[in-house]
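Structure record follows, encoded as structure tokens.
Hydrogens, waters and symmetry mates are skipped; everything else that's a heavy atom, side chains included, is used.
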Amino acid sequence: MELSPQRPIELILARNLLSSLSTPAFLASASGEIIFYNEAAGGMLGQRFEETGKMSPEDWTSKFGPLAEDGKPIPLEEQALTIALRANRAGHALYRIRSLSGVERKIETSGLPIVGIDGFQGAMVFFWPVDEATE
């Protein structure tokens, strides 16, 4: 049996924090992989983290977004929040996401980079709806 590499302690502690919050949030690794999202986020997305598990940036984007005004997913490298976080800065952006049932919501997102003694480890991203959902 091959052991998976140990996650940085900063990501473990961030996951524990997000687990206890009722604000929708997810945790991303330095590579952009979604390694956790909390119950509140699962409620908005229509699927719990325990059902999806870790998701690559491409899987996350194609399944949930964020979406451009034309409904197409915005690639990870073009997302304003990704650019800010990778520069070790906090960021804020307005996006649209799609739940598993197809409901689209406009959301505000705020992200904080997680920087440890070994540098950038990932990010915590908080989000909440800013208008009524549309189908």
Steps toward side-chain contact (heavy atoms from CB on, under 4.5 Å) verdict (Met124, Leu17): CA-CA 10 Å; Met124 291 186 293; Leu17 170 65; 4.1 Å; yes
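- The shortest non-hydrogen separation linking Leu85 to Phe120 is O-CE1, 3.4 Å.
- Judged purely by atom type and a 3.5 angstrom limit, Glu51 uses its side chain to pair as donor or acceptor with the backbone of Arg48.
- Shown here for Pro73 and Ser62, the closest heavy-atom pair between the two residues is CG-CA, 4.3 Å.
- Counting all heavy atoms, side chain and backbone alike, Pro57 lies closest to Ser31 at CG-O, 3.9 Å.
- Two residues are said to be in side-chain contact when any heavy atoms from C-beta on lie closer than 4.5 Å; Tyr95 and Lys106 fail this criterion.
- For the pair Trp60 and Phe26, the minimum side-chain heavy-atom distance is below 4.5 Å.
- Nearest heavy-atom pair, Ser22 versus Ala40, reported as atom, atom and distance to 0.1 Å: O-CB, 3.2 Å.
- Between Arg15 and Tyr37, the closest side-chain pair of non-hydrogen atoms is not below 4.5 Å.
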Criterion side-chain contact (heavy atoms from CB on, under 4.5 Å) on Ile74 and Thr61, from CA distance to verdict: CA-CA 7 Å; Ile74 302 169; Thr61 313; 5.6 Å; no
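- Residues Val115 and Gln121 have side chains not in contact (no heavy-atom distance under 4.5 Å, counting atoms from C-beta outward).
- Judged by distance alone, with hydrogens and angles left aside, the side-chain atoms of Asn38 form a donor-acceptor pair with the main-chain N or O of Thr23 at under 3.5 Å.
- Residue Met44 holds its CE atom at 15.0 Å from CD of Glu39, rounded to the nearest 0.5 Å.
- Judged purely by atom type and a 3.5 angstrom limit, Arg98 uses its side chain to pair as donor or acceptor with the backbone of Gly71.
- Ionic pairing of Glu33 and Lys54 is not present here: no N-O contact between side-chain nitrogen and carboxylate oxygen is shorter than 4.0 angstrom.
- For Thr82 (side chain) and Leu76 (main-chain N/O), a donor-acceptor pair under 3.5 Å exists by modelled atom type.
- Applying the 6.0 Å contact sphere to CD of Glu108 captures more than 12 heavy atoms from other residues, nucleotides or ligands.
- Looking only at side-chain heavy atoms (C-beta outward), Leu100 and Lys63 come within less than 4.5 Å of each other.
- In this structure, the side chains of Gln79 and Pro66 come closer than 4.5 Å at one or more pairs of heavy atoms.
- Hydrophobic clustering (side-chain heavy atoms under 4.5 Å, transitive across Ile, Leu, Val, Met, Phe, Trp, Tyr) groups Leu112 together with Val125.
- For the residue pair Ala28 and Leu11, the shortest heavy atom distance occurs at O-CD2, 4.3 Å.
- With hydrophobic clusters built from ILVMFWY side chains whose heavy atoms lie under 4.5 angstrom apart, Leu67 does not share a cluster with Ile83.
- Summarising the geometry, atom CZ belonging to Phe49 is positioned 11.5 Å from atom CG belonging to Leu18; distances are rounded to the nearest 0.5 Å.
- Screening Ile35, Ile12, Ile34 for a side chain to side chain contact (heavy atoms under 4.5 Å, CB included) with Leu27, the sole residue that qualifies is Ile35.
- From Ile107, atom CD1 reaches atom CD1 of Ile97 across 4.0 Å, with rounding to the nearest 0.5 Å.
- Note that the OG1 atom of Thr109 and the CG atom of Leu94 stand 8.0 Å from one another [nearest 0.5 Å].
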Ser110/Trp128 under side-chain contact (heavy atoms from CB on, under 4.5 Å): CA gap, chis, key distance, verdict: CA-CA 9 Å; Ser110 293; Trp128 50 93; 3.8 Å; yes
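- Taking the side chain as every heavy atom from C-beta outward, Phe36 and Ser19 approach each other to under 4.5 Å.
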